[in-house]
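Written below as structure tokens is the structure these notes are about.
Proteins come first, then strands; the chains are lettered A, B, ... in the order of their sequence lines, and each starts at number 1. Just so it is clear, the structure is predicted and the values come from calculations on it, not from any experiment.
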Amino acid sequence: MITHIIASQLSTAKIKEYESASKIIVKPSWIVDSINQKKLRPTKDYALFNKNSISNMLLNNNNNTIINNSSSSIINNYKIPSTSNTNNNNNKSIKSNVRNNLINKNEHIYLHEVATSNTLSKNELNKPIEEYNKIENNKNIEEEEEEINKSLETKWDVNHSSIAPNFIANYYENSRLHYLSLWRNKLKSIINSRSKNKQKTKKHFNETKFVMHVDMDCFFVSVGLISRPWLVDKPVGVSHSSGKNSSSDIASCNYIARSFGVKNGMLKYLPLIYQLYYIRIFHAKKLCPKIEIIPYEFENYEKATTLLYNILIDNSDNIQAVSCDEAYIEIWLPNTGNEEAEILQKAKYIRSEIKKVTECNASIGISTNMLLARLATKKAKPNGEFYISSKNSIEYVQQFSVTDLPGVGWSIENNILTIILTLLLKNINTCKDLQRLSLSTLQKDFGKKNGEKLYNLCRGVDNRNLNSENNERKSISAEITWGIRFSNNDQFKAFINEISKEVSQRMENESKKGQKLTIKLKIKKEDAGKPIKRLGHGSCKNVSKSINLNTYIFKQEDITKHSWNIISNLNLDPKVLSV
DNA sequence: ATCCTCCCCTAC
DNA sequence: TAAGGTAGGGGAGGAT
Ligand SMILES: Nc1ccn([C@H]2C[C@H](O)[C@@H](COP(=O)(O)OP(=O)(O)OP(=O)(O)O)O2)c(=O)n1
Ligand SMILES: [Mg+2]
Ligand SMILES: [Mg+2]
Ligand SMILES: [Mg+2]
């Protein structure tokens, strides 16, 4: 019930914490503006899709037809990316006038130099400094550092940082993670409103339920290779920058690149100075010097997504949207005694349709629950289908590593590893080992719910139904953690105003209002070095502050006002906002 | 007990 | 050069 002074909510200890944080070099390195939804106004059907500007096909949603044109005769209509014609010899399909414009932009296609390098799991960025191999008094390093210092001041940085005009729009147009979230929300919204209706009318007598998990193979790469067939046998990754010593994320890499150890989300390259300092961070060029980098094609991903979902709609009894390249579908088959062969046949058919229509490969995992279907996809990839019987599932699941389990990532894996090492004196981490830990042990270490979840997951037990969770959106937020560089309070405030506008628009698009406002900030740590990523946030401490307003708001000026109110109460010294 | 705030974690 | 978003589950620990 706090409406104004944030500090009044804080314990003394916490106030101190914020004060000291604000004195550390304090730079808000990212800002999040978020409004939790507690109530929505009467919603016009599909208002979201009519208003949004980003796309065509995903958004051309007439009433109940989720996505139109769901027959397999669709022409996929991919846009030919202008940069795909950089291979002069092989690509006959590109018009010559287009080619002439772009012939000098070849650098991202040929990357054969052997880079002196090293990969990153983003979590490793947060490891304590002592885990890195610090090298001092090295002249070359210092020189390079000098260069990096200089480069940080370049015009490019200024033009792309948070004080540049149109920063937010430009940023979102190029952020793959933004698109991932945007598309996921839209798909969930479309699919959820549809599957509800369907479930009501369906009853199943003498039928067996199967769950399929459908996921495109190296999605961004597969789409990008449609117009670059000469690269299909080479290691390929999708990334923004193509320069040989530039550093950017690889969003997706193909299976050839993966055979070298390259992974989605890995840095394309890590500058030499960071390689020496962060010896645990790998990068693609080190693992696979010949990796070819191709650019993003967001419009075409969206088209492929539309085509994919249309096929799934036509071939299932229920769908749960997961992401732009992935969904669970439910299929009921009559009990004939031959269901397993039939469901495999069905999967083959769906995969062939996807291939035919999208020109990309999909893989399908099949079982009787979502978890086992998800695990089956791991066996199915690439370009295959795989069925896991529920009969021997407890034994079958033993072969998977704990990170294969959905919900188990880097942190939980490490915790499990520690426990297994302590209790079982083993240094491996499979579901077989996890099955040896008791429910109470797991609950003691991971909490009541998480412990139970782990206990069930490692046995292949999953009682979720498709779309069983409450489908209503609970929050709407906008956040940017890249390019945030302020030199004074006015710039900071202007940014808050802009991001509030973004949040406001998103709320208006869904005819929603919110009552709880949360601000999230990243504050540079005292000992943080230069960010590894250009214009990145580097090592930061996260702070979040929320207030429960007495009223529901959605207007930009209200969001801005309350947001700035919160921020002011954090007592950030304007000077610490400088870079 | 239950709720609330401020986190951390995970997924794509 | 280069675009590190976002929603939701859940735990710790304090307030009610
Ligand atoms: N760290 C990540 C992970 C994924 N993606 C994007 C690019 C991927 O192509 C797409 C789908 O993610 P998947 O996890 O399904 O990975 P892929 O489809 O690339 O490979 P696969 O599914 O074959 O393992 O999401 C991303 O930008 N960054
Ligand atoms: Mg995929
Ligand atoms: Mg996927
Ligand atoms: Mg996992």
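Neither OP1 nor OP2 of dT5(B) sits under 4.0 Å from any side-chain N or O of Ser546(A). At dG5(C), none of the side-chain N or O atoms of Arg176(A) fall inside 4.0 Å of OP1 or OP2 (strictly under the cut-off). In terms of phosphate contacts, Thr481(A) brings a side-chain nitrogen or oxygen within less than 4.0 Å of OP1 or OP2 of dG5(C). Look at Lys533(A) and you'll find a side-chain N or O under 4.0 angstrom from OP1 or OP2 of dA3(C). Side-chain nitrogen and oxygen atoms of Tyr171(A) include at least one within less than 4.0 Å of the OP1 or OP2 phosphate oxygen of dG5(C). The phosphate of dG8(C) (OP1 or OP2) has no side-chain N or O of Lys474(A) nearer than 4.0 angstrom. For dT5(B), the OP1/OP2 oxygens have a side-chain nitrogen or oxygen of Lys516(A) closer than 4.0 Å. One finds no side-chain N or O of Ser241(A) lying less than 4.0 angstrom from the OP1 or OP2 phosphate oxygen of dA3(C). At dC12(B), none of the side-chain N or O atoms of Tyr328(A) fall inside 4.0 Å of OP1 or OP2 (strictly under the cut-off). Contact between the side-chain N/O atoms of Arg506(A) and the OP1/OP2 oxygens of dT6(C) is found at a separation under 4.0 Å.
If you measure from atom CH2 of Trp410(A) to atom C1' of dT10(B), you get 14 Å, rounded to the nearest angstrom. Residue Lys444(A) contributes atom NZ, which lies 15 Å from atom P of dG11(C) at whole-angstrom precision. Atom CZ of Phe220(A) is separated from atom P of dG5(C) by 15 Å (rounded to the nearest Å). Rounded to an integer number of Å, the gap from CG of Leu187(A) to P of dT6(C) is 16 Å. Per the geometry, CG belonging to Asn569(A) stands 12 Å off P belonging to dC6(B), to the nearest Å. Between Trp183(A) atom CH2 and dA11(B) atom P the separation is 21 Å, expressed in whole Å.
Across dA7(C), dC9(B), dG4(C), the shortest atom-to-atom separation from the side chain of Ser477(A) is found for dA7(C). You'll find that the side chain of Asn185(A) is closest to dA7(C), out of dT1(C), dC7(B), dA7(C). Of the candidate nucleotides dC6(B), dC12(B), dA3(C), dC6(B) has the atom nearest to the side chain of Ser544(A). The listed nucleotides are dG5(C), dC8(B), dA3(C); the one nearest the side chain of Asn542(A) is dC8(B). Out of dC12(B), dG10(C), dC8(B), the shortest distance to the side chain of Asn450(A) is found at dG10(C). The side chain of Ser175(A) has dA3(C) as its nearest neighbour among dA3(C), dC9(B), dT6(C). Checking dA7(C), dC12(B), dC6(B) against every side-chain atom of Arg374(A), the shortest atom distance belongs to dC12(B). Distances were taken from every side-chain heavy atom of His160(A) (C-beta onward) to each of dC7(B), dT10(B), dA3(C); the shortest belongs to dA3(C). Listed nucleotides dT5(B), dA2(C), dG10(C) differ in distance to Ser248(A); the shortest reach to its side chain belongs to dA2(C). Closest to the Arg534(A) side chain, of the nucleotides dC9(B), dA2(C), dC12(B), is dA2(C).
For Ser181(A) and Lys449(A), each mapped to the nucleotide of DNA chain C holding its nearest heavy atom, the one lying further toward the 5' end belongs to Ser181(A).
Backbone-only contact: Gly409(A) has heavy atoms under 4.0 Å from sugar-phosphate atoms and none from a base. Using a 4.0 Å heavy-atom criterion, one finds that Phe219(A) contacts no nucleic acid atom at all. Looking at heavy-atom distances under 4.0 Å, Ser247(A) makes contact with sugar-phosphate atoms alone, never a base. When heavy atoms are screened at a 4.0 angstrom cut-off, Ser323(A) is found touching the sugar-phosphate backbone but no base atom. Residue Glu326(A) is classed as a sugar-phosphate contact, given heavy-atom separations below 4.0 Å to backbone atoms only. Residue contacts for Lys448(A): at a heavy-atom cut-off of 4.0 Å it reaches the sugar-phosphate backbone alone, with no base atom in range. Using a 4.0 Å heavy-atom criterion, one finds that Asn264(A) contacts no nucleic acid atom at all. Among the protein residues, Ile168(A) comes within range of no part of the nucleic acid, since none of its heavy atoms lies under 4.0 Å from any strand.
Not one N or O on the side chain of Thr518(A) forms a donor-acceptor pair closer than 3.5 Å with the backbone of Ser546(A). Side-chain N or O atoms of Ser363(A) include one that pairs as donor or acceptor with a backbone N or O of Asn383(A) at under 3.5 Å.
Counting heavy atoms from C-beta outward, Ile532(A) and Ile281(A) have side chains that approach closer than 4.5 Å. Side chains of Lys520(A) and Asn542(A) form no contact here, defined as non-hydrogen atoms less than 4.5 Å apart. With contacts defined as side-chain heavy-atom distances shorter than 4.5 Å, the pair Gln320(A)/Ile191(A) does not qualify.
Per the stacking criterion (ring centres < 5.5 Å, plane angle < 30°), His537(A) stacks onto the base of dG4(C).
Proximity of the aromatic rings of Phe495(A) and Phe486(A) is defined here by a centroid distance below 6.0 angstrom, and this criterion is met.
Closest approach of Ser239(A) and Tyr296(A) over heavy atoms only: C-CE1, 3.7 Å.
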Go through the steps for Tyr179(A) and Arg176(A) under the test side-chain hydrogen bond (donor to acceptor under 3.5 Å, both in side chains), then give the verdict. CA-CA 5 Å; Tyr179(A) 281 111; Arg176(A) 100 242 191 219; over 6 Å; no
